[in-house]
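Order of the sequence lines sets the chain letters (A, B, ...), proteins ahead of strands, with each chain counted from 1. Every value quoted in this text rests on a predicted model; they were computed, and no experiment measured them.
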Amino acid sequence: MLEEALQEINRGTAEIIDIERITKLLTAYFDEGKTYTVKAGFDPTAPDLHLGHTVLLQKLATFQKYGGRVQFLIGDFTATIGDPTGKSATRKVLTSEDIVKNIASYTTQAFKILDENKTDIVYNKDWLEPLGALGMLELASNLTVARMLERDDFSKRYASQTPIAVSEFMYPLLQGYDSVYLKSDIEIGGTDQKFNLLMGRQLQKAYGVKKQQAVLMMPILEGLDGVQKMSKSLGNYIGVTDEANDMFGKILSISDALMWRYFELLSTKSLLEIQVIKDGVVDGSLHPKKVKEELALEITARFHTQDLATKAKEEFEKVHAKSQIPTDMASFTFNETIWIAKALVECKISASTSQARRDIKQGAVKIDQIKVSDEQLQLQSGEYVLQMGKRKFAKVKVN
RNA sequence: GGUGAGAUAGUCAAGUGGCCAACGACGGCAGACUGUAAAUCUGCUCCCUAUGGGUUCGAAGGUUCGACUCCUUCUCUCACCA
């Protein structure tokens, strides 16, 4: 039992610090039913969760299965400072209204994966605001500049002469102080958080918390492009609220190399099963596309239903393999004859009429599956299916 | 506070009076090939019913027949020194 739990917890992790602590916590749970706390911090910056976030959430859910109580920490205070992100640019500061709005949608989405009864939502404003200037200075005295510059992100920026705001130096301290206040037993986060996570341990020690938190790091999930990390601002994400069809299509569009990454971090298949599939692809007995479809099915079903996932797959085949038109698409009605380029803009298929004309010129636009060559074409009354490229469709009715 | 450098399309980055809607790279979109993969090749990439017109090069003025290019002021950024 303990073995199994440890294995599941270990899965896909980038690094675990103080595994002994985790083992002890689990043992105490199995022997005496004692629970423990697992902290994870979330920035209420983007209101929508994507698969990148779910990597962490899934790990939290695993802990919940084995006696962990999740401290779902909303960084509403720290969000007003701005974290030194991987993008190495000083981040925009959010207004408190933005934050409140974001939190609401954030948590409801998170509970698609987390067990609500085993989760405490906490806000770091509650203890960081009362900390005051004195408390802040006291906190800051625990850290030297040299040590701060050890942080990879900072040292890179420092070396490349990119500016670092002093307030950004405070961020790891505050995040670490969260762990002091919450007396967290375990904290999990992305590998990019390593420095901050370790700061939690250091500060807990400095403030006399008896046992320091164990730290578990998950790798950063790459976005659809396979290079940048998945993030909404880069537009390379799969949102947990994406439509089943969308979700399926997006997963299928990732590269083969990236697919394995997604298997490891998102699939619930065991590592052994994944290895078998991998071998199958290597020796040619399995087609990579089939394998990717399996993955897409699994993930789509998790956020929707098995039924919807299967439908998404059928729909996908219909549209792409047999190049038929999709079952559902946005429809628009016009009351008079309309110029094709205008119609494309109105249906949000092309960004501007200039763009629409270019698209037509390049032979990307089809009406009822037939290529449009006349860019002056007027749509007379009737019903049409407009198509641009492989993915954009719209149903049009002209009265 | 002092000195110097700089601000050009989604990003990086050329352009120092007309040849500039502005080289190039990346990204993005589309076409071919495919498995809506990768790789490769090709085209497109400010707006406007367009062999034309309009609006762009941090902002506002000015010089000029003509300005991304020259002048003035302003805003912002960076570096070095204190």
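One can place CG of A:Asn236 at 15 Å from C1' of B:G10, the figure rounded to the nearest angstrom. Regarding A:Lys290, its NZ atom lies at a distance of 11 Å from the P atom of B:G35, rounded to whole Å. Going from atom CD1 of A:Ile349 over to atom P of B:A30 covers 12 Å, rounded to whole Å. When rounded to the nearest whole Å, the span between CD of A:Glu293 and C1' of B:A37 equals 12 Å. If you measure from atom CD of A:Glu222 to atom C1' of B:A37, you get 16 Å, rounded to the nearest angstrom. Rounded to an integer number of Å, the gap from NZ of A:Lys289 to C1' of B:A37 is 10 Å. Rounded to whole Å, the distance from CE on A:Met259 to C1' on B:G35 is 11 Å. Distance, A:Leu286 CG to B:G35 P: 17 Å, rounded to whole Å.
With a cut-off of 3.5 Å on both pairing distances, the Watson-Crick or G-U wobble partner of B:A5 is B:U77. Of all nucleotides present, none satisfies the Watson-Crick or G-U wobble test against B:G35 with each distance under 3.5 Å. As the counterpart of B:G10, B:C26 is assigned, both hydrogen-bonding distances of the Watson-Crick or G-U wobble pattern falling under 3.5 Å. Pair assignment for B:C19: none, as no Watson-Crick or G-U wobble contacts are both less than 3.5 Å. Partner assigned to B:A50 is none, using Watson-Crick or G-U wobble distances below 3.5 angstrom. Searching all strands for a Watson-Crick or G-U wobble partner of B:C68 with both distances below 3.5 Å returns nothing. Using the Watson-Crick or G-U wobble rule with both distances under 3.5 Å, B:U56 pairs with nothing in any strand shown.
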Just by protein heavy atoms under 4.0 Å, how would nucleotides 42-53 of chain B read 5' to 3' in B, S and -? -BSS-SBBB---

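Across the interface with RNA chain B, nearest-nucleotide mapping of A:Gly363 and A:Ala257 shows A:Gly363 to be the residue nearer the 5′ end.
From A:Leu26, atom CG reaches atom CG of A:Leu6 across 5.5 Å, with rounding to the nearest 0.5 Å.
Using C1' as the reference atom, B:G66 and B:G17 are 8 Å apart when rounded to the nearest Å. Look at the P atom in both B:G31 and B:C20: the space between them is 31 Å, to the nearest Å. The same atom, C1', is picked in B:U56 and in B:U8; the two are 10 Å apart, to the nearest Å. Taking atom C1' in both B:A22 and B:A9, the straight-line distance is 9 Å, to the nearest Å. Taking atom P on both B:C65 and B:U16, the two are 23 Å apart, rounded to the nearest angstrom. Annotation: B:C57 and B:C78 have their P atoms spaced 23 Å apart (nearest Å). Annotation: B:G53 and B:A21 have their P atoms spaced 11 Å apart (nearest Å). For the C1' atom pair drawn from B:A14 and B:C23, the interatomic distance equals 6 Å after rounding to whole Å.
Salt-bridge formation is not detected for the pair A:Glu314/A:Lys318: no Lys NZ or Arg NE/NH1/NH2 atom is positioned less than 4.0 Å from an Asp or Glu carboxylate oxygen.
Scanning both residues, A:Ile17 and A:Lys194, for their nearest heavy atoms gives CD1-CE, 4.4 Å. The shortest heavy-atom contact between A:Met388 and A:Val365 is CG-CG2, 3.9 Å. Counting all heavy atoms, side chain and backbone alike, A:Glu298 lies closest to A:Ser267 at OE1-OG, 2.9 Å. Summarising the geometry of A:Gln369 relative to A:Gln324, their closest heavy-atom pair is NE2-CA, 3.9 Å, with the distance given to 0.1 Å.
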Could you pull out all donor-acceptor pairs under 3.5 Å where a side-chain atom in residues 256-263 of chain A meets a protein atom, sequence neighbours excluded?
unit_1, atom_1, unit_2, atom_2, d
A:Asp256, OD1, A:Lys292, NZ, 2.9
A:Arg261, NE, A:Glu222, OE1, 2.9
A:Arg261, NE, A:Glu222, OE2, 3.4
A:Arg261, NH2, A:Ile220, O, 3.2
A:Tyr262, OH, A:Glu222, O, 2.8

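Using a 4.0 Å heavy-atom criterion, one finds that A:Ile254 contacts the sugar-phosphate atoms exclusively.
Applying the 3.5 Å distance criterion, the base of B:G35 shares a donor-acceptor pair with the side chain of A:Asp256.
Syn is the conformation of B:A50, whose glycosidic angle sits no further than 90° from 0.
A donor-acceptor pair under 3.5 Å links the side-chain atoms of A:Arg69 to the main chain of A:Asn117, judged by distance alone. Between the side chain of A:Thr35 and the main chain of A:Gly67, no donor-acceptor pair closer than 3.5 Å is present.
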